[in-house]
Amino acid sequence: MSQKYWNEQIETAPREQLDKMQLERLQKTVKHVYDNVPLYRERMDAAGVKPEDVKTLDDICRLPFTSKQDLRDTYPYGMFAVPMEDVVRLHASSGTTGKQIVVGYTQNDLDIWDEICARALVAAGGTKADKVHVSYGYGLFTGGLGLHGGASKLGATCIPVSSGNTARQITILQDFGSDILCCTPSYAMYIGEEVEKAGIDSSKLPLRAGIFGAEPWTEEMRRQIEKKLNIKAYDIYGLTEIMGPGVSYECECQKGMHVNEDHFIIEIINPDTGMPVPDGEQGEIVFSCITKEAFPLLRFRTKDIGVITHEKCECGRTFVRMSKPRGRTDDMLIIRGVNVFPSQIETVVLRMGYAPNYQLIVDRVNNLDTLEVRLEMTPELFSDVTSELEATQRNIANELKNLLGVSAKVTLVAPGSITRSEGKAVRVIDHRKLHD
Ligand code: ADP
Ligand code: ZN
């Protein structure tokens, strides 16, 4: 029997109850880090804030921010708030943007992580009768073991495939009859392409839903994956520093991801001033952990750009919703003074009928930034007539210029020539950074 919520009482709790719970848990966590993490004690002392000063949820503004740099400076264990003997697991960030950082979990932290991933699975229609196929990488990366824990908690049949060996993934989808697929959206797209290539009719596969996250993806990409695999695709968000996947999750309404507010507090701030911005306004996403024991971060600046809304969701969940992050401030390209996110380019090329197989090559020639969009032709749009190719390239370049205000050189390349990703896709090659 399909259930609507994993934890109805919490997921649909009235706002006042959530606020009260958050305040109590925040107060407890602030005391915990003040007593156990030297960096927090020093910062709070310097700011003249004591744990007792947190009297309302708004007082969170008085607490110090934590940055990725703080985690690098205290690497490996400087931010751990419990003795190592209480830490039962370590994970590390995948190092997409620089040196990796290491995080720890107590048994209680892991139990909570399982719980929030079970909520995400149920929100995507998962039940204990389902076979959950986990193709996120297992290992230090949080994707694999995170969803694995959620599927096990739900009581589903977990298939711990991990990433890679796409032919085998497809055999398992067919022979084991996976119902729900969990992986990065770019890997889902790749699996979809290979299913198609193998001449398998995806409507004959039992697969009915996918839970995809760990990297930015667009609504256009969602539609392509849904079509290729004949499933409903759900978004899931998380980051190693805060927990891993499951910090927020999509419900059937798919109008933003519900933040698990009994464990995390989300704020949106202006990245330049650090001041909070109101609901509906875009800014940098900041998270505080309010139940974590081993690695509880206060006001961690994610560098992800998003928007939140407290408006009621039709699914009945009362947790605040965050938008799909459009990318990180780190990923934002500044091309001759114009700000561009790879996801905006993705939207344009997908709308024009291409697949999300592209790469952005940025360089600086004679002190001028250059952007090249390498985009795969699809077999349908394939042409080897040079004049046609040139016209199409110009057409796409014009579209990018119109919509994003940036001039780019568009190069169409042969189908299948851009390396596929089994985890997080590498979309940008910035030669400017390599020269610096
Ligand atoms: P790393 O920082 O090394 O990539 P993580 O695996 O912890 O390591 O990545 C977390 C980041 O992945 C988030 O901060 C965010 O930028 C991105 N991310 C995770 N889930 C999503 C999602 N559903 N949509 C967009 N971006 C996401
Ligand atoms: Zn909802």
Side-chain angles (χ1 to χ4, degrees), residues 4-5 8 11-12 67-68 71-72 91-103 113 117 119-120 122-125 136-137 139-147 163 182-186 188 210-219 221-222 225 233-261 264 266 284-287 295 297 300-307 309-332 341-343 346 421 423-427:
K4 189 152 185 226
Y5 313 102
E8 180 165 1
E11 290 174 271
T12 64
S67 69
K68 192 122 182 165
L71 307 185
R72 293 190 182 124
H91 277 282
S93 79
S94 40
T96 313
T97 54
K99 185 175 158 188
Q100 68 167 4
I101 54 106
V102 55
V103 301
W113 192 12
C117 285
R119 289 179 193 173
V122 170
Y136 282 112
L140 285 173
F141 173 57
T142 51
L145 284 163
L147 266 309
S163 59
C182 308
C183 60
T184 59
S186 49
I211 301 189
F212 307 128
E215 62 180 359
W217 53 313
T218 56
E219 286 302 325
M221 182 142 163
R222 184 191 324 247
I225 295 172
Y234 293 83
D235 204 354
I236 187 168
Y237 169 91
L239 62 169
T240 314
E241 294 85 347
I242 296 303
M243 185 65 106
V247 171
S248 63
Y249 60 109
E250 223 173 34
C251 63
E252 75 272 15
C253 306
Q254 302 198 310
K255 290 193 180 133
M257 291 178 275
H258 289 283
V259 176
N260 279 297
E261 285 190 276
F264 315 105
I266 187 170
E284 180 177 350
I285 302 174
V286 170
F287 281 109
F295 196 81
L297 298 186
F300 179 67
R301 294 187 58 158
T302 62
K303 298 195 168 173
D304 289 326
I305 302 292
V307 178
T309 174
H310 282 86
E311 267 170 38
K312 207 166 158 231
C313 184
E314 279 167 29
C315 74
R317 287 178 185 78
T318 45
F319 290 161
V320 62
R321 280 171 290 155
M322 58 178 262
S323 64
K324 214 181 223 326
R326 66 188 307 194
R328 312 189 200 205
T329 48
D330 287 10
D331 293 339
M332 190 179 75
F341 281 100
S343 59
E346 179 173 306
S421 152
K424 299 191 188 219
V426 180
R427 302 291 193 195

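Start at 1 and go down the list; that is how both ligands and their atoms are numbered.
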| query | Do you know the tightest heavy-atom contact between Y234 and C251? | reply | CE2-O, 3.8 Å

| query | Are E215 and S186 close enough, and set up right, to give a side-chain hydrogen bond (donor to acceptor under 3.5 Å, both in side chains), and what steps lead you there? | reply | CA-CA 8 Å; E215 62 180 359; S186 49; 2.5 Å; yes

| Close-contact set for ligand 1 against T240 heavy atoms, below 4.0 Å | 5 (P), 6 (O), 7 (O), 8 (O)

| query | Does the N or O separation between A214 and ligand 1 drop below 3.5 Å for any pair? | reply | yes

| query | Within the structure, does K424 bring an N/O atom to less than 3.5 angstrom of an N/O atom in ligand 1? | reply | yes

| Residue C251, metal the Zn ion (ligand 2), N/O/S under 2.8 Å | yes

| Nearest neighbour of atom 24 (N) of ligand 1 from the list K324, K68, E215, on a heavy-atom basis | E215

| Proximal ligand 1 atoms for G213, defined as those under 4.0 Å from one of its heavy atoms | 23 (N)

| Under 3.5 Å donor-acceptor, N260 side chain and G246 backbone | yes

| request: Go through the steps to decide whether T218 and E346 satisfy the test side-chain hydrogen bond (donor to acceptor under 3.5 Å, both in side chains), and finish with yes or no. | output: CA-CA 7 Å; T218 56; E346 179 173 306; 2.7 Å; yes

| task | Look at R301 together with E284 and state whether they make a salt bridge at an N to O cut-off of under 4.0 Å. | result | yes

| message | Out of the candidates E250, E11, E261, only one should pair with R317 under the salt bridge (charged side-chain N to carboxylate O under 4.0 Å, His left out) rule; please name it. | response | E11

| Of all the heavy atoms in Q100, does at least one lie under 4.0 Å from an atom in ligand 1? | no

| Would you call the rings of H258 and Y249 parallel, tilted or perpendicular, where under 30° means parallel and over 60° means perpendicular? | tilted

| query | For I236 and ligand 1, does the shortest N/O to N/O distance drop below 3.5 Å? | reply | yes

| field | Numbered atoms and elements of ligand 1 in range of S93, under 4.0 angstrom, heavy atoms | value | 3 (O), 8 (O)

| Just which atoms of ligand 1 are under 4.0 Å from any heavy atom in D235? | 22 (C), 23 (N)

